[in-house]
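Here is the structure we will look at, set down as structure tokens.
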Amino acid sequence: MTEQATLERKSKHGWLIAVVLLLIVAVVVVAGIVPRIRAKAALRTETYDLAIPTVKVVHPKRGAPQQEIVLPGNIQAFTDAPVYARTNGYLKKWYSDIGSHVKAGQLLAEIETPEVDQQLAQARADLNTAQANYHLSEITATRYQDLKSTDSVSKQDVDNAVGAYQAQKAMVASADSNVKRLEQLQSFERIYAPFDGVITARNTDVGQLIDSGASGGSGNGGAPISNSGNVRELFHIAATKQLRVYVYVPQQYSQAARPGLIADLTLAEFPGRRFHGKLVRTANAINATSRTLLVEVDVENQAGELLPGAYTEVHLKLPTEVPAYILPVSALIFRSEGLQIATVDKDNKINLSSVTLGRDFGAEVEVISGLNDQDQIVMQPPDSLIVGESVRIAAPEAPAGTSQGPKQGGASQ
């Protein structure tokens, strides 16, 4: 082999070694750079994914077609009246005490009126005297008129006789009216119930001095009930077969509070029970001080379980003309623009809507404007949410107790 062939062979071996070395270096370089490129791409993708927040959404629940508001009320008797004396004397006897159920026209008490009796006797005697004088003057006037036809008496005498007759006639009418007045006073010796009801107070007792329009003091039937000044009634009667409940409805519900609405009563002494009533009338005017509407609810009380004067809670069932929705409180956003909620549109973009609240149920609130059935409401929205921001909707959570996969350890068949 020649020297030139040997050199060529060595040259080829050198190039081959160089190529192998270059390949080794290339492999080392690629093996170090590619993972870094992949890691950088993965980091970029992860950063982009993390930049899009994941949110939970709920759909609003539609509220009931009727809304129930609970308001305080005071139960009152349907008819309530004090009973006073209309004549002077001493209480002779009473027949009904507190808690007694009485009928209209039933005798409640009797009063001894010796002064009125004597005045009546005197008035009747005066009436008899006046009638006697009247008959005498009538005879005299007739006689003088007959004598005038024969010119036996002067015309002046006739006129005097006729005038005396007319005066005596007026005296009889006056005495008769006085007798009837005293008979009326004497009839007030007997005190009757004005209507069917129950005696809620007796403020007199046997032997007490009774003045017209007031009793002489408090009896054994309970504390006296003042009316005006120092005037007190002898008895107090309340009709309890039907009761009235007066309720002050806030102005925002005034348009819905109309006669005919159902209203239930609940009382602490009757747990779990509701007494059904009906709204029968309203004041048709808003109170300028409290901004409330006075309404009356009537309740049947034939069993007498409800007592006048008791406190009650009135559940008014008002129709809702505007559809309302129920939302969790955690969906609300409180910002300077007002109360808002965040919704997700079909492109997974955030929108902010202002809402108007109705009633507060604690963990939930009623929304009366700003929502519709298709809205996807963001739960627990972060403060950084802005309009148009892209979000990712989290998958709904499986209900508690739902299996997440195939059961393990099952017996083979």
Side-chain angles (χ1 to χ4, degrees), residues 61-81 96-104 193 195-202 221-223 225 235-284 287 290 292-321 324-326 329 357-366 368:
K61 297 184 297 183
R62 184 176 286 271
Q66 284 187 333
Q67 60 177 330
E68 182 179 278
I69 60 173
V70 183
L71 300 170
N74 291 316
I75 299 177
Q76 299 183 20
F78 195 82
T79 307
D80 186 274
S96 298
D97 208 344
I98 59 171
S100 299
H101 292 268
V102 297
K103 298 291 185 180
F195 51 81
D196 294 355
V198 61
I199 303 295
T200 60
R202 174 180 61 82
I225 300 177
F235 297 92
H236 203 93
I237 303 181
T240 59
K241 294 298 183 183
Q242 191 177 30
L243 300 173
R244 306 176 193 262
V245 182
Y246 289 101
V247 185
Y248 290 92
V249 177
Q251 180 178 340
Q252 68 183 102
Y253 303 111
S254 59
Q255 294 301 313
R258 300 188 182 98
L261 292 180
I262 300 300
D264 293 339
L265 273 61
T266 57
L267 293 89
E269 57 267 37
F270 297 103
R273 290 188 59 185
R274 287 200 174 200
F275 298 88
H276 303 294
K278 181 182 293 186
L279 195 155
V280 295
R281 61 183 59 86
T282 73
N284 284 325
N287 185 291
S290 61
T292 56
L293 174 69
L294 178 63
V295 304
E296 178 188 332
V297 175
D298 287 355
V299 182
E300 293 296 328
N301 188 41
Q302 298 297 325
E305 294 178 294
L306 302 179
L307 303 179
Y311 170 82
T312 182
E313 288 186 341
V314 181
H315 299 251
L316 282 176
K317 298 179 181 179
L318 305 178
T320 55
E321 298 179 357
Y325 297 92
I326 306 300
V329 174
L357 297 187
R359 294 168 293 169
D360 187 347
F361 303 114
E364 296 181 324
V365 291
E366 181 185 61
I368 58 178

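If you're wondering where the values come from, they're calculated on a predicted model, not measured in any experiment.
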With sequence neighbours excluded, residues passing salt bridge (charged side-chain N to carboxylate O under 4.0 Å, His left out) with Glu364: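 Lys61.
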
Considering residues at least two apart in sequence or located in another chain, which fulfil the side-chain hydrogen bond (donor to acceptor under 3.5 Å, both in side chains) criterion with [X]?
X      : result
Gln302 : Glu300
Asn74  : none
Ser96  : none
Glu305 : Arg273

With [X], which residues qualify under side chain to side chain contact (heavy atoms under 4.5 Å, CB included), at least two apart?
X      : value
His315 : Glu68, Val70, Asp264, Thr266, Arg274, Glu313
Ser290 : Asn287, Thr292
Leu71  : Ile69, Val247, Val249, Pro250, Leu316

What is the minimum heavy-atom distance between [X] and [Y], and which atoms define it?
X      : Y      : value
Phe195 : Ala81  : CE2-CB, 3.8 Å
Pro308 : Leu243 : CG-CD2, 4.3 Å
Ala283 : Leu293 : N-CD1, 4.2 Å
Lys103 : Ala193 : O-CB, 3.3 Å
Pro259 : Thr282 : CD-CG2, 4.4 Å
Arg202 : Ile98  : N-CG2, 3.7 Å

Atom pair CG/CG of Asn301 and Leu306 - distance to nearest 0.5 Å: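 So the CG of Asn301 and the CG of Leu306 are separated by 4.5 Å.
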
Value rounded to 0.5 Å, distance of CD1 in Ile237 from OG1 in Thr79: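 One finds 11.0 Å between CD1 of Ile237 and OG1 of Thr79.
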
Side-chain donor or acceptor of Asp196 paired with backbone N/O of Ala104 under 3.5 Å: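 Present.
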
Main-chain N/O of Gly73 paired with Thr312 side-chain donor or acceptor, under 3.5 Å: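 Side chain of Thr312 to backbone of Gly73: no pair is present.
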
Salt bridge (Lys or Arg N to Asp or Glu O under 4.0 Å) pairs, two or more places apart, involving residues 237-256: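 Residue pairs passing salt bridge (Lys or Arg N to Asp or Glu O under 4.0 Å), neighbours aside: Arg244-Glu296.
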
Qualifying ring pair (Phe, Tyr, Trp, His ring centres under 6.0 Å) pairs, either residue in residues 237-258, two or more places apart: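 Passing the test, one end in residues 237-258: no pairs.
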
Are the side chains of [Y] and [X] in contact, using a 4.5 Å heavy-atom criterion?
X      : Y      : value
Ile75  : Leu267 : yes
Leu318 : Leu261 : yes
Val102 : Val198 : no

Counterpart residues, ring pair (Phe, Tyr, Trp, His ring centres under 6.0 Å), relative to Phe270 (two or more places apart):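 Expected list: Phe275.
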
For Phe78, all residues meeting ring pair (Phe, Tyr, Trp, His ring centres under 6.0 Å), sequence neighbours excluded: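 In terms of ring pair (Phe, Tyr, Trp, His ring centres under 6.0 Å), with neighbours along the sequence ignored, Phe78 is linked to no residue.
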
